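Values in this document were obtained by computation on a predicted structure and should not be read as measured data. Computation of the quantities below employed the complete heavy-atom set of this structure, encompassing side-chain atoms and omitting hydrogens, waters and symmetry-equivalent molecules. Residue indices begin at 1 and follow the sequence shown.
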Amino acid sequence: MSDSTITIHFVGGESLNIISDDIPGVISRLKSEEWVNLNAHHVKTSSISFFSVYEPGFDKDSEKQIPDRS
């Protein structure tokens, strides 16, 4: 199985791409923790604007958008 990519978009326009085979686990951590270590990045979740997921086999046009934390 190929890894999926999650793009985390931050307030202010910065973004971070993370490749993982456990996207649901990454999203769960982003929604439940104040700080998350992703690869070599220490992410402050309160500064996230939104995130999107790209799964292999889907065209860019079918990129899934995941709503902001509630």
Side-chain angles (χ1 to χ4, degrees):
M1 181 175 152
S2 297
D3 292 335
S4 297
T5 303
I6 183 169
T7 302
I8 303 168
H9 303 269
F10 298 96
V11 174
E14 297 285 327
S15 64
L16 172 66
N17 292 323
I18 300 292
I19 297 171
S20 176
D21 60 356
D22 183 23
I23 294 296
V26 171
I27 292 170
S28 176
R29 290 176 48 212
L30 290 172
K31 289 184 174 185
S32 65
E33 299 176 23
E34 184 177 347
W35 287 93
V36 177
N37 286 320
L38 298 171
N39 299 345
H41 305 282
H42 198 66
V43 176
K44 183 176 182 181
T45 58
S46 63
S47 64
I48 295 173
S49 178
F50 68 97
F51 33 89
S52 56
V53 175
Y54 178 76
E55 296 176 301
F58 286 89
D59 292 333
K60 188 69 172 169
D61 294 338
S62 64
E63 182 175 291
K64 295 180 179 180
Q65 295 293 319
I66 300 172
D68 196 14
R69 299 187 297 160
S70 44

*So, the side chain of R29 versus the backbone of L38: is there a donor-acceptor pair under 3.5 Å, distance only?*
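Checking the backbone N and O of L38 against the side chain of R29, no donor-acceptor pair under 3.5 Å is found.
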
Residues at least two apart in sequence or cross-chain that pass side-chain contact (heavy atoms from CB on, under 4.5 Å) with I19, listed by chain then number, are D3, T5

Mind checking whether [X] and [Y] have side chains closer than 4.5 Å, heavy atoms only?
X	Y	value
S49	F10	no
L16	H41	yes
I18	I23	no

Out of curiosity, [X] [atom1] to [Y] [atom2], how far, rounded to the nearest 0.5 Å?
X	Y	atom1	atom2	result
L30	F51	CG	CZ	5.5 Å
I48	E14	CD1	CD	13.5 Å
I6	D22	CD1	CG	10.5 Å
S32	I27	OG	CD1	11.5 Å
T45	E34	OG1	CD	6.5 Å

Sorted by chain and number, sequence neighbours left out, ring-ring contact (aromatic ring centres under 6.0 Å, His included) with H42 holds for W35

With sequence neighbours left out, the residues meeting side-chain hydrogen bond (donor to acceptor under 3.5 Å, both in side chains) with S15 are none

side-chain hydrogen bond (donor to acceptor under 3.5 Å, both in side chains) filter on N39, not counting sequence neighbours, yields none

